[in-house]
Protein chains: 2
Amino acid sequence: MGKDTKKRIEEAIISLEYQPNAVARGLKQKKTTTIGIIVANILHRFSTQVSRGIEDICHQYEYHTIICNADDDPEKEKKYVDMLKAKQVDGFIIIPTGLNEGLYKDLVKERYPLIFLDRKVETLSVPTVTLRNVKAGYEATLHLLDQNHENIAFISSPLTVSTRKERYQGYVKALEDKGAGIKENYVFGGDMNHLKDKFSAMLEAKDPPTAVICGNDRVLKSVLPVLKQQNISMPDELALITFDEVEFSEFFTPAITTVEQPAYEMGEKAADLLLQRINGKAEQAVGETQEFEPKLKIRESSLYKR
Amino acid sequence: MGKDTKKRIEEAIISLEYQPNAVARGLKQKKTTTIGIIVANILHRFSTQVSRGIEDICHQYEYHTIICNADDDPEKEKKYVDMLKAKQVDGFIIIPTGLNEGLYKDLVKERYPLIFLDRKVETLSVPTVTLRNVKAGYEATLHLLDQNHENIAFISSPLTVSTRKERYQGYVKALEDKGAGIKENYVFGGDMNHLKDKFSAMLEAKDPPTAVICGNDRVLKSVLPVLKQQNISMPDELALITFDEVEFSEFFTPAITTVEQPAYEMGEKAADLLLQRINGKAEQAVGETQEFEPKLKIRESSLYKR
DNA sequence: TCGTTTTTGTAAATCGTTTTACTAACCAAT
DNA sequence: ATTGGTTAGTAAAACGATTTACAAAAACGA
């Protein structure tokens with residue numbers, strides 16, 4: 001277009017105070033440059049870090065994000081999917097509750113660009129960004145075994161999603177590799193509401209564990225008060241290691257050993273994959289799984305010192 | 001409408017797999033049941049807590065939220081406002097960077113429902129949800145004075161926004177009320193990038209402060225490493241108190257004394273006010289400021305023990 | 001200057017709803 | 001059977017952009 005008409009148009013834009021209407025635009029173009037993000041539970045630090053990674057990439061490409069918190073509730077998850085569909089989002093990034101297979105399947109059938117994050121849904125071939133969780137569980141356990149712990153507890157929220165199942169598998173595998181049997185009563189994988197009681201009882205039983213692995217940051221948040229209450233000192237009386245990043249973990253006494261995930265990068269990756277799919281550059285990527293490496297950060301809480 | 005036609009319609013909805021299109025609906029109705037949230041910097045814990053409060057209320061009323069992170073950058077803030085306008089949001093909740101008066105003014109002029117959060121913009125009469133920050137600063141300082149501290153440092157990010165200015169005012173007022181003079185060299189309110197160096201120098205100077213107040217959680221995050229590095233122990237060598245909630249603060253050694261804001265509730269309140277304005281029930285509320293009370297949670301880091 | 005290409009102006013259809021209007025059909029009660 | 005009132009059905013305009021089409025005008029090279 002000619003450059004003086006261009007100028008004329010720009011003048012008109014300011015003189016008429018024209019403001020584009022993305023809703024009308026979206027209606028006609030069938031494209032909203034908006035993606036929907038549904039996280040299983042925003043209370044996990046992982047979720048917020050991942051969201052930032054997603055947002056930063058989207059911001060680069062002038063896409064926008066609507067973040068929804070399913071609150072571990074499949075009903076809510078479904079409601080949000082419907083809402084986001086109604087809003088004509090161009091694609092989804094979902095940390096699935098795992099309890100909505102039909103829903104996910106429909107999304108695939110309707111050819112919505114979709115990326116799973118954190119958790120795999122085995123029955124579907126959807127590109128997924130996840131951690132090598134078996135390895136994460138294995139390394140955490142191995143580290144404790146190396147400190148001569150034999151009675152290692154594994155405390156987790158319900159072992160319903162791949163993430164937790166795999167971490168547990170890693171735990172089991174490490175114990176087996178070292179010839180240590182797994183003891184049922186050192187394992188808890190259940191409702192967060194009972195976690196404190198069960199863990200408390202575990203510590204008060206005879207022959208209590210000398211080390212504990214927390215399945216994620218929310219578990220840690222329940223476990224620490226129990227230790228304080230029972231006046232158990234780390235790491236001498238109980239060694240501790242937790243999955244997920246803990247803010248200020250180096251300022252705890254003792255500093256907390258963690259197995260961290262590159263959450264931010266995982267978010268970036270997921271956004272990348274999704275935008276590629278949306279823009280048709282990556283049909284072939286469907287079904288691919290991107291695995292990230294866990295990072296064991298050894299601090300004081302897991303170091304044997306007797 | 002007759003109940004058999006209603007049934008007929010419902011059947012058609014499923015047989016045709018009808019899915020409503022909120023974009024078309026929004027276009028016609030000039031209403032998207034979506035609000036825009038712009039936070040000055042999502043890295044503050046306050047911002048994420050506040051967002052949750054907002055979201056929960058919005059979810060109740062079937063409104064949706066788009067959260068944007070201005071990253072302390074007025075340019076970005078403006079860009080996001082334009083984007084959200086284009087998306088035809090029904091209203092805004094903004095934690096203002098404070099450096100965009102014209103932008104805010106336009107929003108008011110264009111009669112957008114708007115609520116400010118956390119920070120006041122003095123020159124505009126916009127309903128604002130905020131903390132009694134002067135009181136917060138006063139109480140924090142008074143508490144340290146009560147522990148017989150006289151050399152109290154005040155470390156903050158730039159004193160450009162009302163929140164920080166007021167906390168500082170409270171600090172000054174408490175010192176004055178107790179007849180203690182304020183010493184310029186105990187005060188830092190500047191760029192986060194220089195914070196560590198400046199604070200480090202402050203501690204190494206002769207006659208260093210015996211207590212420090214951190215202006216917010218991000219400041220704390222810079223201050224703690226300095227203490228660790230200089231091997232300064234709390235609270236004997238330096239008492240510490242920080243604004244904002246710190247996760248796990250009771251598990252620090254020493255447990256960190258905090259001045260907390262009811263962030264979640266403040267978010268709820270802001271959302272409430274905004275939805276009332278959107279639905280025309282509260283024209284009169286314009287200009288009102290809702291102030292919340294700070295909560296001083298005394299823990300070990302501020303308790304004198306020599 | 002002619003013919004060709006590019007730029008400009010104008011108009012109409014479309015996206016999927018809501019809104020308004022109007023007519024037709026139905027039901028109950030007088 | 002007539003009246004009034006409700007419910008059904010149909011149609012068309014509107015929301016604010018994009019898209020397509022076509023005609024008119026301008027710019028260009030030979």
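Note on naming: letters A, B, ... go to the chains in the order of the sequence lines (proteins, then strands), and numbering restarts at 1 for each one.
Of the charged side-chain nitrogens involved, at least one lies within less than 4.0 Å of a carboxylate oxygen, so that A/Lys78 and A/Asp82 count as a salt-bridged pair.
Listed nucleotides D/dC15, D/dA17, D/dA8 differ in distance to B/Asp4; the shortest reach to its side chain belongs to D/dA8. Of the candidate nucleotides D/dA8, D/dA14, D/dT18, D/dA8 has the atom lying nearest to any side-chain atom of B/Thr5.
Within 4.0 Å (heavy atoms only), A/Gln88 reaches no atom of the nucleic acid at all.
Counting to the nearest Å, the P atom of D/dG16 and the CD atom of A/Gln29 are 17 Å from each other. In this entry the distance linking CD1 of A/Ile13 with P of D/dA17 reads 11 Å, nearest Å. Between the P atom of D/dA8 and the CD1 atom of B/Ile9 lies a distance of 8 Å, rounded to the nearest Å. To the nearest angstrom, P of D/dG16 lies 16 Å from NZ of B/Lys31.
At D/dG16, one or more side-chain N or O atoms of B/Lys30 fall inside 4.0 Å of OP1 or OP2 (strictly under the cut-off). Dashed line: the shortest gap from a side-chain N or O of B/Arg8 to OP1 or OP2 of D/dG9 is under 4.0 Å.
Judged as a ring-ring contact (aromatic ring centres under 6.0 Å, His included), and not counting sequence neighbours, A/Tyr264 has no contacts.
Counting heavy atoms from C-beta outward, B/Glu17 and A/Glu110 have side chains that stay 4.5 Å or more apart. For the pair B/Ile38/B/Val81, a side-chain contact is recorded, criterion being any heavy-atom separation below 4.5 Å from C-beta on.
With hydrogens and angles disregarded, a donor-acceptor distance shorter than 3.5 Å links the side chain of A/Asn41 to the backbone of A/Leu43.
Under the Watson-Crick or G-U wobble criterion, with both distances below 3.5 Å, D/dA14 is paired with C/dT17.
Each of B/Lys6 and A/Ala22 lies near DNA chain D, and the nucleotide nearest B/Lys6 is the one positioned closer to the 5' end. When each of B/Ala24 and A/Lys28 is assigned the nucleotide of DNA chain D bearing its nearest heavy atom, the one mapping closer to the 5' terminus is B/Ala24.
Here chain A contacts DNA chain C (any atom closer than 4.0 Å to a heavy atom, that is under 4.0 Å), and the contacts span C/dT7 to C/dG16 from 5' to 3'.
In this structure, a donor-acceptor pair under 3.5 Å is present between the side chains of B/Asn216 and B/Ser157.
Exactly one residue among B/Ile94, B/Leu273, B/Thr128, B/Leu274 makes a side chain to side chain contact (heavy atoms under 4.5 Å, CB included) with B/Leu114. That residue is B/Ile94.
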